[in-house]
Number of protein chains: 2
Amino acid sequence: MSQLSEMKKVDIKKGGKKTQDDIVYAHIFDAILEQRLAPGTKLNEESLGEIFGVSRTIIRRALSRLSYEQVVVIRPNRGAVVASPSIEDTRGILFARRVVEKAVTELVCDHADNAQIEQLKKCVRAEQTCFDSGDRAAGIRLSGEFHLLLAEMANNPPLLSFQRSLVSLSSLAIAQYESNAKSHCSYDEHFELIDAIAKGDKNLAVQLMMHHLDHIQDKLNLDGDAATSDLKAIFANVCK
Amino acid sequence: MSQLSEMKKVDIKKGGKKTQDDIVYAHIFDAILEQRLAPGTKLNEESLGEIFGVSRTIIRRALSRLSYEQVVVIRPNRGAVVASPSIEDTRGILFARRVVEKAVTELVCDHADNAQIEQLKKCVRAEQTCFDSGDRAAGIRLSGEFHLLLAEMANNPPLLSFQRSLVSLSSLAIAQYESNAKSHCSYDEHFELIDAIAKGDKNLAVQLMMHHLDHIQDKLNLDGDAATSDLKAIFANVCK
DNA sequence: CCAGAATAAATTGTATACAAATTATTCATC
DNA sequence: GATGAATAATTTGTATACAATTTATTCTGG
């Protein structure tokens, strides 16, 4: 990764002081959200240390944090890999998202002001620009950030941190199970949702959000036909 | 803390292999859940290291993990303290719990078997025994573990890990804001809830759970009259 | 004796060294 | 050449050393 793009990424994140492991964490997190890091990728501590110019101590902290969000799996004595959610995991993740997003949508409908509506629109316009210009990776990340932005506006810290974890896990699941490349055109549904929120139509907004999540799930190959290279899953019935 | 009680605690937790920082984490977590560690308590790394017989590295990992669950607050360069949720935080925590517990209750109603019902009863009987024999601390912890057990039975890993964080945060909030000592008689409501689940009466179970959470919140002093020693909160209006 | 600066002690943040475990390679055997 | 044990290399886990920062104490002037 170039020095330039590194700086861009750091600047993107708001909030003043960033400690070193915040930066490393954010980079790896974004790489996963943008699907530049595929599920299953081994995350070597020393290599990452050289890339970011810090010691393993810092890398280790960042990886731990990612593992608490379950975006990375740390296998004792065997290092960290990017999580590869199973089909069952993915169903669980999307179920949890329905639970959280419903609450978030209702909260945002209750007390969203014009400035916030505008902020949401700005986010989705950026998403649209990315997809239309072919920058799928950035588009996927911005799509996730739209949902994070909503959670932020719900003004409930625990729900926000949970949503953070769920959005990145969803991104991993999409990376693994999305059927075809023409997939991620979520922005029109995002715009519809914003309109419903702006009108304060809570029922419609929740309904749109649920359908939106249904569509995300529909695009995934969750029929259990193992479009995966997970041998354990394939031969799960053998040694039973 | 004695060597003996340390071993007891370790044995309590299920699952085979425990790494060192798992043990330290579990001890501090339980101490917070049992309210032996009051909100605001400073958690010195070296002292904890001596207590548990490990280096600061391990303590640090445990504290980080607790801070990701927001049970502990790490202030840069100034160490870790047990979190002291504000009144607003507490409302947010209980709101999030309603969201999660509703989903959990519905899931458990859908597919709880007799063995699980029995397990739930066993947990609440233990809780009852503790409260009746005057061991309030253990009772509070078991009360929390009942809700964690439910989340486990919901069979949704993300919801479980979120519930874990919320239950311990609730415990902290109770420690800070509970009005009178005669408070925590949650076990009868727990028994009622189990009955509803056993009958598979989803609507009733959800209703009971919501009322249960209402009662927990009702027992708290959240009227903003600052039964707290938090000077920042008391003088929040001064330098505005 | 009290306020505030200067200094000392304690505590946290990061890097590094070494031990323990895992993974890769070599070598002997069939 | 393939299989499997022995060895070497890599990688992770933990402790420790030192730097940076914060907190406590001492000193000085009023």
Side-chain angles (χ1 to χ4, degrees), chain A residues 6 10 13 15-28 37-84 229-232, chain B residues 3 6 10 13 15-28 31 37-84 229-232:
Chain A
E6 189 176 325
V10 174
K13 300 287 165 192
K17 51 196 164 190
K18 286 279 152 197
T19 71
Q20 284 184 305
D21 49 66
D22 282 335
I23 296 170
V24 173
Y25 163 83
H27 273 99
I28 301 176
L37 274 174
T41 306
K42 177 79 191 289
L43 299 169
N44 182 287
E45 295 179 1
E46 198 166 344
S47 310
L48 288 170
E50 282 172 25
I51 290 168
F52 292 107
V54 296
S55 79
R56 280 176 52 217
T57 307
I58 308 297
I59 301 297
R60 223 139 207 288
R61 278 176 65 90
L63 291 177
S64 293
R65 189 167 160 195
L66 288 161
S67 83
Y68 301 139
E69 291 181 5
Q70 304 183 279
V71 173
V72 149
V73 173
I74 295 180
R75 307 158 301 174
N77 284 312
R78 307 194 48 227
V81 295
V82 178
S84 41
S229 59
D230 186 349
L231 294 176
K232 290 187 299 298
Chain B
Q3 194 71 12
E6 187 176 326
V10 174
K13 299 287 165 190
K17 52 196 164 191
K18 286 279 151 198
T19 71
Q20 283 184 305
D21 50 67
D22 283 334
I23 296 170
V24 173
Y25 163 83
H27 272 100
I28 300 176
L37 274 174
T41 306
K42 178 80 191 290
L43 299 169
N44 182 287
E45 296 180 0
E46 198 167 342
S47 311
L48 288 170
E50 282 172 25
I51 290 168
F52 292 107
V54 295
S55 79
R56 281 177 52 217
T57 307
I58 307 297
I59 301 297
R60 226 140 204 287
R61 280 176 64 91
L63 291 177
S64 292
R65 188 167 159 195
L66 287 161
S67 84
Y68 300 136
E69 290 182 6
Q70 303 184 278
V71 173
V72 149
V73 174
I74 294 180
R75 307 156 302 174
N77 285 312
R78 306 194 48 228
V81 295
V82 178
S84 41
S229 58
D230 186 349
L231 295 176
K232 290 188 299 298

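Since the structure is predicted, the reported quantities are computational estimates derived from the model, not experimental observations. Naming: A, B, ... by sequence-line order, numbering from 1 per chain.
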Taking atom C1' of dA24(D) as reference, at what distance in whole Å does atom NZ of Lys42(B) sit? 12 Å
Per-pair distances, 0.1 Å, donor-acceptor, side chain in residues 43-53 of chain B, under 3.5 Å, sequence neighbours excluded:
residue  : atom : partner  : partner atom : Å
Asn44(B) : OD1  : Glu46(B) : N            : 2.9
Asn44(B) : OD1  : Ser47(B) : N            : 2.9
Asn44(B) : OD1  : Ser47(B) : OG           : 3.1
Glu45(B) : OE1  : Arg56(B) : NE           : 3.0
Glu45(B) : OE1  : Arg56(B) : NH2          : 3.1
Glu45(B) : OE1  : Arg60(B) : NE           : 3.3
Glu45(B) : OE2  : Arg60(B) : NE           : 3.2

Side chain to side chain contact (heavy atoms under 4.5 Å, CB included) partners of Thr57(A), counting only residues at least two apart: Ser55(A)
Would you mind reading off the distance between Leu63(B) atom CG and dT11(C) atom P, rounded to a whole angstrom? 14 Å
Arg78(A): which residues meet the side-chain hydrogen bond (donor to acceptor under 3.5 Å, both in side chains) condition with it, sequence neighbours left out? none
Euclidean distance, atom CG of residue Asn44(A) to atom C1' of dT11(D) [Å, nearest integer]: 7 Å
Using atom CG of Leu43(A) as one end and atom C1' of dT11(D) as the other, report the distance to the nearest whole Å. 14 Å
Can you measure Glu50(B) atom CD to dT16(D) atom C1' for me and round it to whole angstrom units? 15 Å
Check the distance between dT14(C)'s C1' and Arg61(B)'s CZ and give it to me in whole angstrom. 16 Å
Rounded to whole Å, CG of Asp21(A) lies from C1' of dT12(C) at a distance of 13 Å
Protein-nucleotides 17-22 of chain C N/O pairs closer than 3.5 Å?
none

Only counting residues at least two apart or in another chain, list the ones meeting side chain to side chain contact (heavy atoms under 4.5 Å, CB included) with Tyr68(B). Arg65(A), Tyr68(A), Ser64(B)
Determine: side-chain N/O of Thr57(A) to OP1/OP2 of dT14(C), distance under 4.0 Å, yes or no. no
dT23(D) P sits how many Å from Glu45(B) CD, rounded? 14 Å
Looking at every heavy atom in both Ala62(B) and Asp21(B), which two are closest together, and how far apart are they? CB-O, 4.1 Å
Distance, nearest 0.5 Å, that separates CG of Leu63(A) from CZ of Arg61(A): 12.0 Å
